[in-house]
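Since the model is a prediction, treat every value here as computed from it, not as a measurement.
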Amino acid sequence: MKLMYSSTRNDEVKFTASQAILKGLADDGGLFVPECIPSLDVSVDKLANMSYQETAYEVMSRFFTDFTEEELKNCIAKAYDSKFDTEEIAPLVEADGAYYLELFHGPTIAFKDMALSILPHLLITSARKNNVKNDIVILTATSGDTGKAALAGFADVEGTKIIVFYPKNGVSPIQEKQMVTQKGANTFVVGIKGNFDQAQTGVKKMFNDTALEAELDVAGYQFSSANSINIGRLIPQVAYYVYAYAKLYKNGVIGKDETINVVVPTGNFGNILAAFYAKNMGLPIGKLICASNENKVLFDFFSTGTYDKNREFILTNSPSMDILISSNLERLIYRIAGNDVAANTKLMADLAAEGKYAITDEMRQQLADFYGNYSNEAETAEAIKKLYEDCGYIIDTHTAVAAGVYDKYKAATGDKETKTIIASTASPFKFTRSVMNAIDPKYDAMSDFELVDELSRLGNVAVPKAIEEIRNAQVLHDTVCEVEEMPQVVKKFLGV
């Protein structure tokens, strides 16, 4: 049976998976959600013996029902291949009593590769299925990692162009270098004089600009999104939670149907929403532990039931989480509102008008599976230092936010027995200065690439290819613009 999708703000119109992937964002500004979460009717004994690619197929085939087996397997094979530097794609590493799910072995050494390696193939397949003649223009805002992962995924993919906006002074030096050195005639990178939320809002405005849409159509283009708001980005992330659970079972760490907890460092809410979807497919996940940095809008939401973005925007050493508008939370709000379009639309209108909204007590009761907390900068640095000194294992700043929050969770609840997966979302090589300073402030005197080599020596791990490639790479993108100039910059690049 075909699983259909509708917008969180209008459930009258139904879309197939491929149509939802192509559109990215619904015309009414809502996000596409499946009519129901399908169950994962595969035994853990079977899953335990599957490769990552086979697991991904089992998960995605339940959601993307208008793709043939051949189409979907072809997308998966092209995505999860030799561009990952480990055969298992997402290895698990035990350290200090937790299991770190390393999601950073792809071409840009961040977890975004897990979904952005497959999204171009899902999009192109979707375009063919729906007889789309226009070129697809991927328009995306990034807080650091999505941009490079999307650029790498779409570079020189026929029938596509990709334009990435990032906050000019709001990403790490390595993140910026990765983006501005990106090759590919169809790629374009723009720094904006503003923060990530402003970049994301600017992109959403362009998606909802019907005059711009008409201009592009005449020129043979149409927008789509590579942000985690695209259902083609979200669903592939469900797979690695299923894969990790099956591996824990296979390795004898957990028994059949044993409950685990999952800790996710969270900004835009997509990664932890994928874990929530995995739980709703039947994966035995107990607590979904939502870890925030000092931009703790999600912690405050889980604590009070009020989402309030009216606060200072703080630049931290975990920049991919420096977000005050967590777009994917809308999918969860819609669900806990009982899939009530009117209730969700009202809350999102409140957010747009007043910068905040409050959910009902009934809705709050449905958030019992979530635990929210945050790590400040000092606690994050301490988590890196402690794990290195205790285990010799080096984690990045975002993963350290999760590790710090996991310690708070154990202290608050006394739950120290439940086996726990921590989503390790980026390589420490992406944030060398922050990571090395946490271990010892003396390292601050070194240059960025001296730090890379020292981190390699200290952690006894090879320097990733993604870092080696940018050591001497030429800057190819140097455009910077004001937030209000974003539409003009897009039109100029496309020659419209």
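Within the 4.5 Å cutoff, the side chain of Leu347 has heavy atoms near those of the Met363 side chain. Contact of the Leu122 side chain with the Phe67 side chain is registered, since non-hydrogen atoms from C-beta on lie closer than 4.5 Å. Under the 4.5 Å side-chain criterion, counting only non-hydrogen atoms from C-beta, Thr201 is not in contact with Lys204. In this structure the side chain of Phe84 reaches within 4.5 angstrom of the side chain of Ser117, judged on heavy atoms. Between Leu123 and Ser224 there is a side-chain heavy-atom pair separated by less than 4.5 Å. Within the 4.5 Å cutoff, the side chain of Val238 has heavy atoms near those of the Met281 side chain. Two residues are said to be in side-chain contact when any heavy atoms from C-beta on lie closer than 4.5 Å; Leu329 and Leu273 fail this criterion. You'll find the side chain of Val463 reaches within 4.5 Å of the side chain of Ser456, heavy atoms only.
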Chi angles and distances behind the salt bridge (charged side-chain N to carboxylate O under 4.0 Å, His left out) call for Arg311, Asp300: CA-CA 12 Å; Arg311 61 184 71 205; Asp300 293 340; 2.7 Å; yes
Derivation and outcome, side chain to side chain donor-acceptor pair (under 3.5 Å), residues Asp45 and Tyr249: CA-CA 8 Å; Asp45 288 298; Tyr249 172 69; 2.7 Å; yes
CA sep, side-chain torsions, deciding dist, call: Thr316, Thr380, side-chain contact (heavy atoms from CB on, under 4.5 Å): CA-CA 10 Å; Thr316 73; Thr380 301; over 6 Å; no
Evaluation steps, salt bridge (charged side-chain N to carboxylate O under 4.0 Å, His left out), between Asp369 and Lys279: CA-CA 10 Å; Asp369 291 339; Lys279 178 180 170 75; 3.7 Å; yes
Derivation and outcome, side-chain contact (heavy atoms from CB on, under 4.5 Å), residues Glu176 and Lys168: CA-CA 8 Å; Glu176 182 171 48; Lys168 178 63 186 146; 2.7 Å; yes
Residues Ile118, Met60; criterion side-chain contact (heavy atoms from CB on, under 4.5 Å); working and verdict: CA-CA 11 Å; Ile118 193 166; Met60 289 187 226; 3.8 Å; yes
Gln178/Ile109 under side-chain contact (heavy atoms from CB on, under 4.5 Å): CA gap, chis, key distance, verdict: CA-CA 10 Å; Gln178 281 190 302; Ile109 57 175; 4.3 Å; yes
Stepwise salt bridge (charged side-chain N to carboxylate O under 4.0 Å, His left out) check, Glu379 with Lys408: CA-CA 11 Å; Glu379 290 165 336; Lys408 291 184 179 184; 2.9 Å; yes
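Between Ile333 and Ile359, the closest heavy-atom pair is CD1-CG2, 4.0 Å. Here the shortest heavy-atom pairing between Ala278 and Ile285 reads CB-CD1, 4.4 Å. In this structure, Tyr443 and Arg433 approach most closely via the heavy-atom pair O-NH1, 4.2 Å. Contact detail for Val253 and Glu258: the closest heavy-atom pair is O-OE1, 4.4 Å. Shown here for Leu25 and Phe207, the closest heavy-atom pair between the two residues is CD2-CB, 3.9 Å. Here the closest heavy-atom approach between residue Pro319 and residue Ser172 is recorded as CG-N, 4.3 Å.
Interatomic distance, Asn268 CG to Leu298 CG, rounded to the nearest 0.5 Å: 9.5 Å. Taken to the nearest 0.5 Å, the SG atom of Cys290 stands 10.5 Å off from the CG atom of Leu367. Here the NZ atom belonging to Lys112 is positioned 8.5 Å from the CG atom belonging to Asn271, to the nearest 0.5 angstrom. Atom OH of residue Tyr277 and atom CD1 of residue Ile37 lie 4.5 Å apart, to the nearest 0.5 angstrom. In this structure, Met114 CE and Thr425 OG1 are separated by 12.5 Å, a value rounded to the nearest 0.5 Å. Interatomic distance, Phe63 CZ to Leu72 CG, rounded to the nearest 0.5 Å: 12.5 Å.
The closest side-chain donor-acceptor pair between Tyr357 and Asn344, if any, does not fall under 3.5 angstrom. Asn317 and Thr397 form no side-chain donor-acceptor contact under 3.5 Å, judged by distance and modelled atom types alone. A donor-acceptor pair shorter than 3.5 Å can be found between the side chains of Thr399 and Ser424. Between the side chains of Lys148 and Gln175, no donor N or O sits under 3.5 Å from an acceptor N or O. Judged purely by distance below 3.5 Å, without hydrogens or angles, the side chains of Gln200 and Ser327 pair a donor atom with an acceptor atom. For Asp322 and Asn295, the side-chain atoms include at least one donor-acceptor pair closer than 3.5 Å.
If you look at Phe276 and Phe370, their ring centroids are closer than 6.0 Å.
The pair Arg364-Asp361 does not meet the salt-bridge criterion, since no charged nitrogen lies less than 4.0 angstrom from a carboxylate oxygen. The residues Asp113 and Lys83 are annotated as not salt-bridged, no charged nitrogen and carboxylate oxygen being separated by less than 4.0 angstrom. Salt-bridge check for Lys247 with Glu88: failed, with every basic side-chain N at 4.0 Å or more from each acidic carboxylate O. By the 4.0 Å N-to-carboxylate-O rule, Asp415 lies too far from Lys287 to be salt-bridged with it. Ionic pairing of Lys386 and Asp96 is present here: one or more N-O contacts between side-chain nitrogen and carboxylate oxygen are shorter than 4.0 angstrom.
For Glu417, the CD atom is loosely surrounded, since the number of other residues' heavy atoms within 6.0 Å does not exceed 12. Surrounding NZ of Lys205 are at most 12 heavy atoms belonging to other residues, nucleotides or ligands under 6.0 Å away. Heavy atoms of other residues, nucleotides or ligands lying less than 6.0 angstrom from CG of Asn460 number 12 at most. With a 6.0 Å radius and a threshold of 12 heavy atoms from other residues, nucleotides or ligands, Tyr245 has its OH atom above the threshold.
Between Phe431 and His398, the ring planes are tilted. Angles from 30° to 60° get that label. The aromatic rings of Phe32 and Phe15 lie perpendicular to each other, with more than 60° between the two planes, well past the 30° mark. Ring-plane geometry between Tyr406 and Tyr409 is classed as parallel, the angle between the planes falling under 30 degrees on a 0 to 90 degree scale with a further cut at 60. Ring geometry for Tyr80 versus Tyr52: interplanar angle over 60°, hence perpendicular rather than tilted (30 to 60°).
A side-chain donor-acceptor contact under 3.5 Å links Glu294 to the backbone of Glu377. Of the possible donor and acceptor atoms, none in the side chain of Arg9 sits under 3.5 Å from a partner among the backbone N and O of Thr345. Between the Thr8 side chain and the Leu31 main chain, a donor and an acceptor come within less than 3.5 Å of each other. A donor-acceptor pair under 3.5 Å is absent between the side-chain atoms of Asp11 and the main chain of Ser6, judged by distance alone.
In this structure, Lys296 is not positioned above the aromatic face of Phe302 in the sense of NZ or CZ being under 6.0 Å from the six-membered ring centre and within 45° of the axis.
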